[in-house]
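Let me begin by presenting the structure, written as structure tokens, before commenting on it.
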Amino acid sequence: MTANTEGGAPGRASGYSTPRWATSPHSISMTGHERAMAATRDWLVEAQDPEGFWIGELEGDTILESEYVLLMAYLGRIDDPACVKMGRTILEEQNADGGWSIYPGGPPNISATVKAYFVLKMLGVPTDGPALTRAREVIHEHGGARACNSFTKFYLALLGQMPYDEVPYVPPELLLLPAKFPISLAAMSSWTRTIIVPLMIISVFKPVRKMPKEMGIAELFLDGPATSTVRHGMFSWENFFLKADRVMKWADRLVPASWRQPAVRSAHRWMLDHFENSDGLGAIFPPMIYTVVALGSLGYAPDSAAMTWALRQLEDLLIEEGETIRVQPCLSPTWDTAIGTIALADSGVPDYHPALLRSARWLLDKEVRVAGDWEARGVGAEPTGWHFQFHNERYPDIDDTAMVVLALHATALRDDPEVTAATKRAVNWLLALQNSDGGWAAYDRDINNQVLTKVTFADHNAILDPSCADITARVFEMLGKLGYRADHPAIARALEYIWRTQEPEGCWYGRWGVNYIYGTWQVLQGLKAIDFPMDHPAVVRACRWLESVQQADGGWGETCLSYDDPSYMGKGEPTPSQTAWAVLGLVSAGRASGEPARRGVEYLINTQKEDGTWFDETYTGTGFPRIFYLRYHLYPVSFSLMAVSRYHAAVGRLSTSHTGAQASRIPAAPRPIDI
């Protein structure tokens with residue numbers, strides 16, 4: 001297990017003090033900017049790993065700890081001391097109403113609450129005590145254990161709490177369908193593929209470890225077995241997949257096992273192939289858990305090399321602090337390093353500073369040079385790209401790749417032949433992955449068949465990987481850095497997508513960060529990079545929206561609830577990360593001289609800690625909207641430094657300008673690289 005080495009960054013329940021760098025809360029001098037920047041620069045340089053990367057804790061909700069303990073229960077290891085420590089973490093996170101939420105301050109989530117209840121009961125928390133009594137009431141109020149999502153039901157079936165007939169069936173025969181087929185594994189998002197392939201094996205073998213009755217959760221089920229109802233009348237895809245699920249379960253009982261073997265072997269081989277050069281299957285927590293169960297179903301011994309490897313990848317996600325253990329959903333070194341590099345460069349660190357050269361060399365070494373799953377979509381480009389984690393060779397992603405190129409070009413290695421070659425490959429790859437609608441998605445091209453959202457196991461709200469404004473604008477930012485402008489054919493197509501997806505209020509939805517503040521900031525920053533006129537009415541509308549949701553203390557904040565209810569756009573407790581994004585958006589739009597930007601920077605400086613960091617318990621990262629959110633512990637540090645630095649530079653340019661040009665105007669762009 002790994003200890004938290006994030007320079008003292010607090011965990012979920014830590015407190016903090018709030019010193020004031022500025023001499024006055026109402027007047028920030030340039031010295032105040034510089035002092036704030038210097039403190040954060042020093043912290044970041046010191047926090048860098050000797051190898052050149054940065055990595056902060058990536059925090060999710062208690063579903064992670066619950067699912068880890070449920071796996072240990074299935075393996076017969078519920079008495080492992082780590083399970084007890086995770087139980088303490090879960091208990092500490094219980095809400096006053098008795099439930100568990102998927103983000104701080106959120107409403108109770110039925111799946112999170114059922115799993116937490118099950119785990120705590122197995123660990124000996126009394127069912128008649130206040131914790132489980134209140135939790136049980138919440139579960140009953142929300143429909144009982146059968147109201148959980150499909151992935152939770154797999155755990156309940158695995159531990160004998162419900163029959164597999166009540167769990168969506170995942171047919172391994174999906175692997176035998178051609179990649180071009182509209183309902184195939186290749187038509188689903190990359191993360192869905194890694195989740196459902198081991199579930200295919202589990203669906204066939206139906207492994208069960210029945211827990212002692214005193215550890216079961218029969219009291220959470222309100223009625224007898226329930227199945228989804230087929231609505232009679234007109235055809236619908238939802239009805240089609242419900243009927244198909246019943247037919248497949250019926251066939252599974254009647255078809256000879258030998259007939260299933262080709263598909264099972266394909267799933268087995270697919271898993272093993274994707275273990276190569278990866279921090280676990282998909283290098284994300286859900287498939288890593290299912291991998292262990294699938295390997296056991298296939299007959300792998302507990303001490304086999306494959307099983308030992310799979311468990312070790314899970315153990316690498318644990319953070320032990322005293323008597324508690326937290327579980328990370330994955331590791332984020334590439335992402336953290338790219339953002340940290342850009343922030344340091346923005347803050348005035350020379351581009352040849354050792355910290356920047358170390359990070360650039362580390363990032364360059366992480367370029368993927370073999371084809372991944374993206375190739376199945378007919379993308380004819382030379383393999384390249386960067387992934388989020390330390391190792392995840394099959395899954396380089398568009399957002400990381402664009403951010404890494406920006407980071408490399410912020411250092412003195414920008415003209416190095418290796419960087420130039422890698423940049424050329426990245427540009428070609430990203431252009432080849434542009435979607436038909438003009439935008440860019442996270443991992444693949446044209447994973448947008450809406451029919452798939454109706455399959456019975458698609459209730460994780462992320463079976464597709466459609467275009468999104470934030471990643472599209474990140475690609476703008478990267479291309480703009482390399483000299484491309486709005487008249488480039490790919491950018492012109494993408495701009496049409498951007499205008500189609502602007503909300504009536506003027507903002508943009510943020511797929512990978514919470515939410516409209518994130519999307520709007522990134523679009524403004526991307527538009528500026530391609531030299532788009534920042535006095536365009538759509539841009540002005542976006543800026544006015546940002547300014548309209550600034551709060552009385554100068555900060556910006558937005559709750560994850562905005563994904564469920566758009567009336568919460570731009571509303572929520574102010575946070576350093578979201579304030580930094582808003583300031584960055586306004587600076588990009590040439591509004592550094594305005595009162596909102598000044599007050600935003602004032603908020604950041606007034607909430608900075610003595611060591612140069614910021615404390616923020618809020619979840620501002622998005623995994624699956626409405627399903628899973630994240631707290632990036634380095635976001636408040638890197639993005640706040642970036643915002644204060646760019647504001648400082650823009651105000652400085654304004655004060656020395658004699659031409660009246662916009663403060664955030666980018667110098668003449670270099671000639672686009674030859675691709």
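For the single chain, residues carry numbers from 1 onward in sequence order.
- A salt bridge between E321 and R326 is present, with a side-chain N of the basic residue lying under 4.0 Å from a carboxylate O of the acidic one.
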Could you walk me through whether W100 and I63 pass side-chain contact (heavy atoms from CB on, under 4.5 Å), step by step?
CA-CA 9 Å; W100 280 263; I63 284 176; over 6 Å; no
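- For S111 (side chain) and C148 (main-chain N/O), no donor-acceptor pair under 3.5 Å exists by modelled atom type.
- Side-chain contact between E173 and M200 is absent, with no heavy-atom pair separated by less than 4.5 Å.
- Between the side chains of Y518 and T622, no donor-acceptor pair of N or O atoms lies under 3.5 Å.
- Residues I196 and L185 meet the side-chain proximity criterion, which asks for heavy atoms closer than 4.5 Å.
- No side-chain heavy atom of V368 sits under 4.5 Å from any side-chain heavy atom of N277.
- When all heavy atoms of I55 and D336 are compared, the closest pair comes out as CA-OD2, 3.6 Å.
- With contacts defined as side-chain heavy-atom distances shorter than 4.5 Å, the pair V292/Y74 does not qualify.
- In this structure the side chain of P198 reaches within 4.5 angstrom of the side chain of L281, judged on heavy atoms.
- A side-chain N or O of D437 and one of S467 form a donor-acceptor pair less than 3.5 Å apart.
- Contact check for T194 versus W270: side-chain heavy atoms found under the 4.5 Å cut-off.
- Checking side-chain atoms of T89 against main-chain N and O of I325 turns up a donor-acceptor pair under 3.5 Å.
- Between E67 and K115 there is a salt bridge, since at least one side-chain N of the basic residue sits less than 4.0 Å from a carboxylate O of the acidic one.
- Contact check on D399 versus R511 returns no salt bridge, with no Lys/Arg side-chain nitrogen under 4.0 Å from an Asp/Glu carboxylate oxygen.
- E375 and A371 get closest at one heavy-atom pair: OE1-CB, 3.2 Å.
- Contact between A376 and A186 at its shortest, heavy atoms only, is CB-CB, 4.3 Å.
- Looking at every heavy atom in both residues, I447 comes nearest to M188 through CG2-C, 3.5 Å.
- Shown here for P108 and S101, the closest heavy-atom pair between the two residues is N-OG, 4.0 Å.
- Between the H140 side chain and the E219 main chain, a donor and an acceptor come within less than 3.5 Å of each other.
- If you look at W191 and Y395, their ring centroids are not closer than 6.0 Å.
- Neither side chain, D400 nor T334, offers a donor N or O lying under 3.5 Å from an acceptor on the other.
- Using a 30° and 60° split on the angle between ring planes, F388 and W335 fall in the tilted class, from 30° to 60°.
- Here the side chain of Q328 pairs a donor or acceptor atom with the backbone of L58 at under 3.5 angstrom.
- Counting all heavy atoms, side chain and backbone alike, A73 lies closest to M211 at CB-CE, 4.2 Å.
- No side-chain donor from either of Y629 and D61 sits under 3.5 Å from a side-chain acceptor of the other.
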